[in-house]
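Below: the structure, in structure tokens.
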Amino acid sequence: MAMKFKAWLKTITFYEILVGMKATLKHLLHYRPITLQYPHEKRTLPDSYRGMLALLRYDDGTEKCVGCDLCEAACPSRVIRVISSEVPGEPTKRYAKEYYMDMTRCLFCGLCVDACPVDALGMTREYEWAVYDKRQLLLSKPQLLAIGDRSFPVREKRLELQHPNVAFFNVAFKFMPPKES
Amino acid sequence: MFELGVKVAFSLAQIGVVFGIVLLTVMFLTLAERKVIAWMQDRMGPMEVGPYGILQPIADGLKLFFKEDIVPAGANRFLFSLAPILALVPALIGFAVIPFGPNLTVELFGIQFKPFVISDVNIGILYILAFTSIGAYGIILGGWASNSKYSLLGGLRAAAQVISYELNVGLAIVGVLLLAGSLSLVKITEAQAGGFWHWYIFAFPFPQIFAFVVYVISAVAETNRVPFDLPEAESELVAGFFTEYSGMRFAFFFIAEYANMILVSCIAAALFLGGWNAPYPGTLIGHLGFPHFAWIEQVVWFAAKVYCFLFLFFWLRATLPRLRYDQLMRFGWKVMLPIALGNILVTSIAAYLFPKS
Ligand code: SF4
Ligand code: SF4
């Protein structure tokens, strides 16, 4: 009976609504906004941020990519198109003659970066890539190399003992068990 | 002839001032609403235009003014253009009988004027009710003429909702009218002078607090505001009855909605909260010995009451989710209406037992 009366009293005094209104008023009085005024202030990105993709070079300026097409095969949304060919005059060495990325489709999963046997792909921390014409998001090799150049100033050293024709395969590099000795 | 000229000139000046104030308030409200709701939700609201975004309403107005005016294919052109006007005019026309300040008379060239009310019609409140109902036509026609299912559904919902809650507004007011014995807003407000215990919300012989609650809820519903914003429920109907509107026509609907908010706030202040009367007998400025300037304080009191009421609108919007349609109708007909009717009954018995002087 008392319970029923209490419930009835709560209904006619709009108790629940008043509780809700108290909550909103509390937020108004203790005003602590969580908004980030985006173009003026930017959040710090985590270390593993997966942003714009880029092609990388060795420290001597040569392209890392050996045109193996593995990234194209790994990509779930068919972003990448590699047209690989022989390096002129060096029949055993290949490189990507053309390399296209249709960034409108990319979902920044990073599978291509993992797939690359020579670490030729990298993910930068760029994300402000809004454009007025979406055709500008179809990137070619020079553009991707340029992104890599401006985002990764420190380049990997080309291994001294590496024969110029042999790629340094490191597919499972980070998953290798530690050597016992 | 001269007398008529002066009268017309004075009335036109008054109308201009009231329109200016109302439209300025609408501009201010658009910003205030966004800011208040943002603060309640731990956001910042508009911050880009001007310091702390205070020039946002001007930017919005300019933007709307230069937007393309689209008439959808298959729309009824005449009604499509007529609807925003039909919505806006009744919302603005109601301010003609609102008393913004004390019932003074000023003498100019031997002719008497009332500076704080454009025209003290003796059926003021009836006039407002009549015109706000016409506003519903603007919404319904706008929804129908757009030739879009969302608009049509929004218009239909608006029709049913506005009509059923209009009834509750009218019935909630009747109690006050019984106590005041007048339909003129000026007379009703004057009858509440002398301290807040004379305001009709608390007044002897029967406090109209229930009527006030019914009025507030119905007013929110009548102006299509959250939590009763079903006609423009953006999660279901895109934007309801003004889905297809753009540019200045959209702005008309927008202004109409905010002007309606101000109007119902003014009515609530005048009918239930004592209008321009201060919550203590007389006025502070009057007690200090400047009775000629007492009107300043009284106008401020009126504005303060209206703004408190408008704040309540924002507050509700920031707090409550939208009602379901059947809940809305059931609430209106099965809860609000009986309360309003019962209030009329009790008030009339009380008014009969304790007749005014
Ligand atoms: S990040 Fe994912 S989606 Fe984008 S190119 Fe690489 S594999 Fe394709
Ligand atoms: S997987 Fe690496 S090396 Fe192979 S084509 Fe792609 S980027 Fe070039």
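No hydrogens, no waters, no symmetry mates; every other heavy atom, side chains included, goes into these values. Quantities reported herein were computed from a predicted structural model and do not represent experimental measurements.
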Is it the case that atom [atom1] in [X] sees more than 12 heavy atoms from other parts of the structure closer than 6.0 Å?
X: A/Tyr95; atom1: OH; result: yes
X: A/Asp133; atom1: CG; result: yes
X: A/Phe152; atom1: CZ; result: yes
X: A/Tyr49; atom1: OH; result: yes
X: A/Arg81; atom1: CZ; result: no
X: A/Ile34; atom1: CD1; result: no
X: B/Phe65; atom1: CZ; result: no

Scored by heavy-atom pairs under 4.5 Å with chain B, the best of A/Pro33, A/Gly20, A/Pro39 is A/Pro33

Among A/Thr24, A/Leu28, A/Leu25, the residue with the most heavy-atom pairs under 4.5 Å to chain B is A/Thr24

From the list B/Arg43, B/Gln41, B/Met47, side chain to side chain contact (heavy atoms under 4.5 Å, CB included) partner of A/Thr35 resolves to B/Arg43

Minimal heavy-atom distance between B/Glu48 and A/His40, with the atoms involved, is OE2-NE2, 3.0 Å

Would B/Trp39 and A/Arg32 count as a side-chain contact (heavy atoms from CB on, under 4.5 Å) if you check the C-alpha gap in whole Å, the side-chain angles of each, and the deciding distance to 0.1 Å?
CA-CA 8 Å; B/Trp39 291 337; A/Arg32 232 171 270 112; over 6 Å; no

By residue number, those in residues 302-323 of chain B with heavy atoms under 4.5 Å from heavy atoms of chain A are B/Phe311, B/Leu312, B/Trp315, B/Leu316, B/Ala318, B/Thr319, B/Leu320

Whatever's closer than 4.5 Å to a heavy atom in chain A on B/Val335 counts as neither

